[in-house]
Protein chains: 2
Amino acid sequence: MMRPTVRRAGPQALMSPVLARLNGFSPLSAALVEQIEGLGRRTETVAAGATLVEAGDLATRPCFIVDGWACRLRMLPDGRRQLFNLLIPGDGLGVSIHPHPLAQSHATALTRVTTVDASVLLDPVSEEIRRLMVRIAAQDESLLLGHIVRLGRQTAYERTAHLLVEIGRRLQASGVGEAAAYHFPVTQEALADMLGLSIVHVNRTLQQLRRDGLIDMVRGEMHLLNLDTLMSISDFQPSGAVPTPQA
Amino acid sequence: MMRPTVRRAGPQALMSPVLARLNGFSPLSAALVEQIEGLGRRTETVAAGATLVEAGDLATRPCFIVDGWACRLRMLPDGRRQLFNLLIPGDGLGVSIHPHPLAQSHATALTRVTTVDASVLLDPVSEEIRRLMVRIAAQDESLLLGHIVRLGRQTAYERTAHLLVEIGRRLQASGVGEAAAYHFPVTQEALADMLGLSIVHVNRTLQQLRRDGLIDMVRGEMHLLNLDTLMSISDFQPSGAVPTPQA
DNA sequence: CGATCAGTTGATGGGAGTCAAACGGTGTGG
DNA sequence: CCACACCGTTTGACTCCCATCAACTGATCG
């Protein structure tokens, strides 16, 4: 399903989500910026629904998502699915200092997704990159822990609000959206499998949030109309979850 | 089988959970075994309910749990609690090659807990230790992902079965129990906060499992009477979750 | 011996799942 | 160009799993 790359702008525009996200941790060296921009020469694009990583694969090649949405997930034998996280532009896939022996989970494209190969970044791991990977790993774990709280102890209403806030902050960090206004091409089915709810109930919960004046969504454009309320009802903990540039 | 009584007599008996667990990944070098046994000279014991790690702490000192049960958890403002994992003898706390800037979560003792300081292990990180830490990190993540599936997509019955199987395998790997028979001093309240259920429903679910002839528990001694059935109803994936010695 | 804690049981209610059908948009083929 | 299928969304009716409230038991303990 991989097809030739359509490059619309310069490579630096292509890599900007990765640069923005990493730069959010701490300013990148000029050398690293250049190195990352160089990754943009090797892109790969897959269609929605494509498998990015097969669970149990040996040595999947590390990459960054530069466009589109993906997710990591597990399926149960009877068809039930659970998403572990949503992957947005700027996120890595298999990007770790320590190549895990086996891929921990399946990864699937939720929309058309463009990736860039990141293996050269990890060939000689510089001290700067090592530090960045540690920060990414810490943030990834933090997101997983937040996800566990959502699924275990929050209502559908709270879960949905929490996730929408989290996504906005992450998209903002990657520079592909704003904390309270972003393009959201995820189907309610995927959202249901992320939030541990049924499709029908996700739909009703979103409409309840809309009726309450907290969100608004037209044709994939999500607007969080009252970020403070959304954060307080979902007990959103900004601490360390995302390195926000501004206070 | 041999009852691994934690006897205060020899340090090697004290450290045996750590040694057994690490040895399960790959045989430890004699030098490392000796080094780990040496950790037993600096123990610390806290009562049930004590806080082991405060969330947000800077640089908590790494340690291994050598006796007792603990957990990592988060609390919501209204008192709801969600456990992230259960920590058993042999598990590390803050043991990582990369000292995270901040502790990701609160850690609490569920029973009286004895720990040993592990900081000397990480002072100069040998290649052997580095490899072990990578394995531990991979397993920890795998457990978190399994936990997410439990909470998001499994029924109370399935969740409980899954957790009981997982715990048995981990206790066996640490040599402080067997996969189908182990001491289980966790209250139903803690179990509820782990499984995302109410105390009452945990109680009912355990009794249902008992009525179905799948488990038996008398005075804290858990017996899994039909491991195969428990694994199949909970879709327990042994793959990589725990390095089982036997095939 | 009262007090507290963990476990147990019953009654009741609600949040979320399931089943079913209809709607609108998009793409495709006759 | 329209018919049709397909996909994602929406809505209603009904069901059920699990939470909540409440009371009671047994064990431990100061």
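Just so you know, these numbers come straight off a predicted model, no measurement behind them. To find a chain, count down the sequence lines: A is the first, B the second, and so on, and within it residues start at 1.
- Rounded to whole Å, atom P of C/dA6 lies 11 Å from atom CG of B/L110.
- We find that CD of A/Q207 is positioned 15 Å from C1' of C/dA16, with the value rounded to whole Å.
- The CG atom of A/L206 sits 12 Å away from the P atom of D/dT11 (whole-angstrom rounding).
- Looking at heavy-atom distances under 4.0 Å, A/T187 makes contact with sugar-phosphate atoms alone, never a base.
- Evaluation of atom-type donor-acceptor distances gives no pair under 3.5 Å for the side chain of A/R204 against the base of C/dG15.
- In this structure, CD1 of B/I199 is placed 13 Å from C1' of D/dC21, rounded to the nearest angstrom.
- Residue B/Q188 has no polar side-chain atom (N or O) positioned under 4.0 Å from OP1 or OP2 of C/dC5.
- B/R169 has no carboxylate O lying under 4.0 Å from a charged side-chain N of B/E178, or vice versa, which leaves the two without a salt bridge.
- Across the protein-nucleic acid pair, A/M217 atom CE and D/dT10 atom C1' stand 12 Å apart, rounded to whole Å.
- A/A179 and A/Q172 get closest at one heavy-atom pair: CB-OE1, 3.6 Å.
- Remark on DNA chain C: of its neighbouring residues A/V200 and A/R159, the 5'-side contact belongs to A/R159, judged by nearest-heavy-atom nucleotide.
- A/R219 has its CZ atom 13 Å from the C1' atom of C/dG24, to the nearest Å.
- A/F236 and A/H162 have tilted rings, their planes meeting at an angle from 30° to 60° on a 0 to 90° scale.
- As rounded to whole Å, 12 Å separates atom P of C/dG17 from atom CG of A/N203.
- Between the CG atom of A/D193 and the C1' atom of C/dG17 there is a distance of 14 Å, rounded to whole Å.
- Across every non-hydrogen atom of B/L145 and A/F84, the tightest pair is O-CE2, 3.3 Å.
- Residue B/G220 is out of contact with every strand shown, counting any heavy-atom pair closer than 4.0 Å.
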